[in-house]
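Below is one structure; the comments refer to it alone.
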Amino acid sequence: GKVGIIGVPFEKGQHKQGVAHGPKAIRAAGLVRELELLGLDVKDYGDISYKAKNVDGINNMSHLGDVAGCTNCLSEQIQQILKEDRRVLTIGGDHSVGIGTIDGHVKEKKNVGVLWIDAHADLNTNKTSESGNVHGMPVALLTSELADYWPHLPGMDWQQPMLSIRNVAYIGLRSVDCYERLVIEKFGITAFGMEDVERYGIHDVVYMALNKIDPNESKSLHVSFDIDSLDPLEAPCTGTPVRGGLSIREAVHLMEMLYRTKRLNAVDLVEVNPHIGNQRDTQLTVEAAIHIIQAGFGYTRRGLKVPEGVTD
Ligand code: DIR
Ligand code: MN
Ligand code: MN
Ligand code: MN
């Protein structure tokens with residue numbers, strides 16, 4: 001298997017400094033080496049560079065010109081990596097980077113199913129958001145059913161929403177704003193909150209989520225993993241922690257299941273902020289991120305198979 005890594009040291013989708021250092025911290029923990037140990041051909045494309053677009057006059061969307069410039073470049077980079085026949089791993093950065101990764105994935109593969117693993121729904125528009133932070137808006141920007149709820153956004157013309165909300169499933173929700181809840185109910189969005197994980201267990205939740213968004217097992221799958229979906233006791237370094245989240249075991253189980261579909265072509269790992277908390281907090285969070293990524297690219301807790309040609 002072939003994998004491409006792209007780092008996105010972008011933090012202007014929210015207001016806490018430090019999340020731009022996520023890619024550096026995760027690479028320093030041995031990301032490339034760990035993936036190579038899985039027998040993968042790994043190419044690190046480095047960090048994205050972008051030019052901000054000249055945008056102003058949009059109400060309640062902080063730094064839209066930067067978000068637009070960065071996600072446009074990122075979308076093109078993702079398409080390029082997928083064209084080179086590599087699965088793609090994107091390291092954030094805040095969750096606004098999901099606009100670029102999912103746009104690029106949909107442009108390249110057309111038929112895409114998205115698992116949005118998050119404590120939050122990231123489904124606000126500029127009219128419903130209480131923060132004005134674009135990292136709380138990507139799902140609403142990406143999905144065609146929600147296009148009518150947006151004003152014209154200068155700088156975002158390259159991004160025509162082509163993904164149906166029926167192809168998105170949430171897992172891990174526990175901090176949903178009231179208008180987000182309204183939208184989830186109005187469109188019947190597939191959403192498994194923490195109470196569903198408690199009721200059914202993670203295995204059945206993932207099974208049901210895949211069954212909903214991809215009943216024919218034909219879609220190219222994309223996991224957009226916000227590290228704040230994990231319990232803050234296991235991943236404390238993130239900008240908007242919410243108590244009572246997924247355990248590392250549940251997250252690894254989820255990623256192992258997705259890997260086994262053989263259709264997991266893109267993973268985003270976002271919102272790791274190494275500047276929050278102490279050194280031990282950073283180590284815990286970065287190690288959690290590495291475990292989740294490894295599981296998504298084929299590490300299994302049963303042990304790996306002996307490489308071909310090495311058996312006697
Ligand atoms: C909140 C928080 N719903 C907002 N969102 C976060 O700002 O729209 N997403 N933290 O990850
Ligand atoms: Mn600011
Ligand atoms: Mn998020
Ligand atoms: Mn979140």
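Heavy-atom basis, side chains included; hydrogens, waters and symmetry copies ignored. Each ligand, and each atom within it, is numbered from 1 in the order the structure gives. All figures in this text were calculated on a predicted structure; none of them were measured in a lab.
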Notebook entry, point to check: Should Y50 and F10 be marked as a ring-ring contact (aromatic ring centres under 6.0 Å, His included) after you check the CA-CA gap, both sets of side-chain angles, and the distance that decides it?
Noted result: CA-CA 10 Å; Y50 73 94; F10 184 80; 5.8 Å; yes
Next item on the list: Examine ligand 1 and decide if any of its atoms is less than 4.0 Å from a heavy atom belonging to H95.
Entry: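 Per 4.0 Å heavy-atom rule, H95 does not contact ligand 1.
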Note to self: A quick test of your reading: do over 12 heavy atoms of other residues, nucleotides or ligands sit less than 6.0 Å from CG of N278?
What the structure shows: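 It does: N278 CG has more than 12 such atoms within range.
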Margin query: Taking NZ in K305 as the centre, count heavy atoms belonging to other residues, nucleotides or ligands within less than 6.0 Å. Is the count above 12?
Written below: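 Incorrect, the count does not exceed 12.
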Margin query: Looking at S229 and D226, would you say the former's side chain and the latter's main chain have a donor-acceptor pair under 3.5 Å?
Written below: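 Yes, because the side chain of S229 sits within donor-acceptor range (under 3.5 Å) of the backbone of D226.
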Item checked: Stepwise ring-ring contact (aromatic ring centres under 6.0 Å, His included) check, H15 with H135 -> CA-CA 10 Å; H15 276 98; H135 82 152; 9.2 Å; no
Protein residue, atom and distance nearest to [atom], heavy-atom basis:
| atom | answer |
| --- | --- |
| atom 10 (N) of ligand 1 | T240 OG1, 2.8 Å |
| atom 8 (O) of ligand 1 | N124 ND2, 2.9 Å |
| atom 9 (N) of ligand 1 | D122 OD1, 2.9 Å |
| atom 1 (C) of ligand 1 | D177 OD2, 3.7 Å |

Next item on the list: For the residue pair E145 and S164, confirm or rule out a side-chain donor-acceptor distance under 3.5 Å.
Entry: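 Yes, a side-chain donor-acceptor pair sits under 3.5 Å.
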Notebook entry, point to check: Are a donor atom and an acceptor atom from the side chains of E34 and Q294 found within less than 3.5 Å of each other?
Noted result: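 Yes, side-chain donor-acceptor contact under 3.5 Å.
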What are the atoms of ligand 1, with element, lying closer than 4.0 Å to any heavy atom of [X]?
| X | value |
| --- | --- |
| G136 | 8 (O) |
| D226 | 11 (O) |
| D228 | 11 (O) |
| S131 | 4 (C), 7 (O), 8 (O) |

Notebook entry, point to check: Between atom CG of L210 and atom CG of L258, what is the distance when rounded to the nearest 0.5 Å?
Noted result: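 Nearest 0.5 Å value for the CG-CG distance: 5.5 Å.
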Notebook entry, point to check: Do you know which of D103, T101, I102 makes side chain to side chain contact (heavy atoms under 4.5 Å, CB included) with S75?
Noted result: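 Result for side chain to side chain contact (heavy atoms under 4.5 Å, CB included) with S75: D103.
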Next item on the list: Would you tell me which option among H120, E271, E180 has the nearest heavy-atom contact to atom 5 (N) of ligand 1?
Entry: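 The nearest heavy atom belongs to H120.
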Note to self: Tell me whether N133 has any N or O atom under 3.5 angstrom from an N or O of ligand 1.
What the structure shows: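 Not met; the criterion fails.
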Item checked: Whether H222 and H105 hold their rings parallel, tilted or perpendicular, with breakpoints at 30° and 60° ->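 Tilted: the ring planes of H222 and H105 meet at 30° to 60°.
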Next item on the list: Give the total of protein N/O/S atoms at a distance below 2.8 Å from the Mn ion (ligand 3).
Entry: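 That number is 4, waters not included.
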Check: Any Lys/Arg nitrogen of R27 or D47 sitting under 4.0 Å from an Asp/Glu carboxylate oxygen of the other?
Finding: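 Result for this pair is yes, salt bridge flagged.
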